[in-house]
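Presented below is the structure to which this report refers.
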Amino acid sequence: MSGFDTVVGRIRRAMNSGATQEPTNSDDAHARSPVQPELAAGELRAQFAAALTAVGGHPIEAPDEAGAIEQIAALLHSCGLRSAALGAGITTDSASAAARLSREGFDVTDVPSYDGQQTGLKEALSSIDAGIVEADYGIGPTGTLVMIAHPARPRSLSLLPPINIVLLRTGRILPNLAAALRAVGPQTIAAHPMVMVTGPSRTADIEKRIVIGVHGPKELYVIIIPDGPAAPGSAVTA
């Protein structure tokens with residue numbers, strides 16, 4: 001067993017420890033079994049949306065990818081925003097989204113066009129109203145987003161702009177952290193930074209008062225899209 005498998009196994013056992021029941025037969029003291037069955041995709045989606053709402057995020061249901069782009073445009077209009085930056089899609093067509101938002105009159109920054117110019121990109125993102133990125137995975141019980149960074153989808157895209165808009169496919173909502181780590185895989189984790197986001201940025205001062213948006217986005221919107229065909233030329237992970 002690899003070191004990665006050992007870590008994932010420990011996480012899985014720790015998560016299951018709170019969802020087990022003591023056996024009634026004292027001779028079988030080590031036989032513990034989970035009491036919660038695996039959730040269906042629709043149940044995971046509902047669980048994720050409820051958990052995201054509980055931590056201050058805003059889930060938005062979209063009927064399909066085109067509907068998700070319409071939701072983004074409507075959201076930017078309703079929030080009075082004028083500029084947005086888009087990272088490369090995983091299963092979605094970010095070029096179509098950029099073109100649609102440009103036709104709506106928004107100032108759109110195409111992150112892949114910077115082609116590794118990270119200094120210039122960070123300067124651009126520091127003045128952008130909204131960062132738009134697709135999540136690699138979501139974790140249902142906590143409403144957490146898992147995002148693997150690479151030059152066309154940098155960490156700064158979900159950390160610098162005050163508004164964070166995230167696209168998430170329903171089939172990528174997983175039941176726990178162990179499943180997410182397994183799906184990402186040890187090679188990707190070793191090669192790329194990984195960001196886990198649970199709600200908008202928050203911090204507490206010495207008096208334990210929670211302040212939103214001090215070290216990251218003030219608002220987090222997650223547009224949940226039903227599974228569909230991947231965008232041409234897109235990759236699941238980088």
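Values below: all heavy atoms of this structure, side chains included; hydrogens, waters and symmetry mates excluded. It should be emphasised that the depicted structure is a prediction, and the values quoted were computed from it without experimental measurement.
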Decide side chain to side chain contact (heavy atoms under 4.5 Å, CB included) for Ile128 and Leu160; before the verdict, give the C-alpha distance in whole Å, the side-chain angles of both, and the deciding distance to 0.1 Å. CA-CA 8 Å; Ile128 291 292; Leu160 288 180; over 6 Å; no

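- Salt-bridge annotation for Arg172 and Glu134: absent, with no side-chain N of the basic residue lying under 4.0 Å from a carboxylate O of the acidic one.
- The closest side-chain donor-acceptor pair between Thr198 and Thr142, if any, does not fall under 3.5 angstrom.
- Judged purely by distance below 3.5 Å, without hydrogens or angles, the side chains of Ser158 and Asn164 never pair a donor atom with an acceptor atom.
- Using modelled atom types, one finds a donor on one side chain and an acceptor on the other under 3.5 Å when comparing Thr91 with Arg169.
- A continuous path of ILVMFWY side-chain contacts below 4.5 Å connects Ile60 to Ile132, so both sit in one hydrophobic cluster.
- Ser126 places a side-chain N or O within donor-acceptor distance of the main-chain N or O of Glu123, the cut-off being under 3.5 Å.
- Under the 4.5 Å side-chain heavy-atom criterion for Ile, Leu, Val, Met, Phe, Trp and Tyr, Leu86 and Met147 are members of distinct hydrophobic clusters.
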Any chance you could lay out the side chain to side chain contact (heavy atoms under 4.5 Å, CB included) test for Thr53 and His58, step after step, and finish with the verdict? CA-CA 6 Å; Thr53 302; His58 307 283; over 6 Å; no

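- A distance of 10.0 Å separates CD of Gln71 from OG of Ser78, quoted to the nearest 0.5 Å.
- Heavy-atom neighbours of Arg100 CZ from other residues, nucleotides or ligands within 6.0 Å: above the threshold of 12.
- Summarising the geometry, atom OG1 belonging to Thr109 is positioned 10.0 Å from atom CG belonging to Leu157; distances are rounded to the nearest 0.5 Å.
- The OG1 atom of Thr170 lies 10.0 Å from the CG atom of Leu44; values are rounded to the nearest 0.5 Å.
- Pro141 is listed as a side-chain neighbour of Gln47, based on a closest heavy-atom distance under 4.5 Å.
- For the pair Ser94 and Gly87, the tightest heavy-atom approach, listed with the atom from each and the gap, is CB-O, 3.4 Å.
- To the nearest 0.5 Å, the span separating CD on Glu43 from CZ on Arg45 amounts to 10.0 Å.
- Nearest heavy-atom pair, Asp93 versus Glu65, reported as atom, atom and distance to 0.1 Å: N-OE2, 2.7 Å.
- Nearest heavy atoms, Leu168 versus Ala135: CD1-CB, 4.1 Å.
- The shortest non-hydrogen separation linking Phe48 to Leu145 is CZ-CD2, 3.7 Å.
- With hydrogens and angles ignored, the 3.5 Å screen pairs a side-chain donor or acceptor of Asp129 with a backbone N or O of Arg82.
- No single ILVMFWY cluster, assembled from side-chain heavy atoms under 4.5 Å apart, contains both Ile165 and Val55.
- No path of Ile, Leu, Val, Met, Phe, Trp and Tyr side chains, each step under 4.5 Å between heavy atoms, connects Val166 with Ile163, placing them in separate hydrophobic clusters.
- When all heavy atoms of Arg155 and Ala149 are compared, the closest pair comes out as CG-CB, 3.5 Å.
- Ring geometry, Phe106 versus His77: the interplanar angle falls from 30° to 60°, so the pair is classed tilted.
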Quiz item: Does the side chain to side chain contact (heavy atoms under 4.5 Å, CB included) test come out yes or no for Val184 and Val146, once each step is laid out?
Solution: CA-CA 9 Å; Val184 173; Val146 179; 4.2 Å; yes

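- With values rounded to the nearest 0.5 angstrom, Leu81 atom CG is found 12.0 Å from Asp107 atom CG.
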**Q.** Verdict with reasoning, Val197 to Thr144, per side chain to side chain contact (heavy atoms under 4.5 Å, CB included)
**A.** CA-CA 5 Å; Val197 176; Thr144 299; 6.0 Å; no

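- Atom CG of Leu101 and atom CD1 of Ile69 lie 7.5 Å apart (nearest 0.5 Å).
- By the criterion of side-chain heavy atoms lying less than 4.5 angstrom apart, applied directly or through intervening Ile, Leu, Val, Met, Phe, Trp or Tyr residues, Ile224 is not grouped with Leu76; the two fall into different hydrophobic clusters.
- Among all heavy-atom pairs drawn from Leu177 and Ile139, the shortest one is CA-CD1, 3.9 Å.
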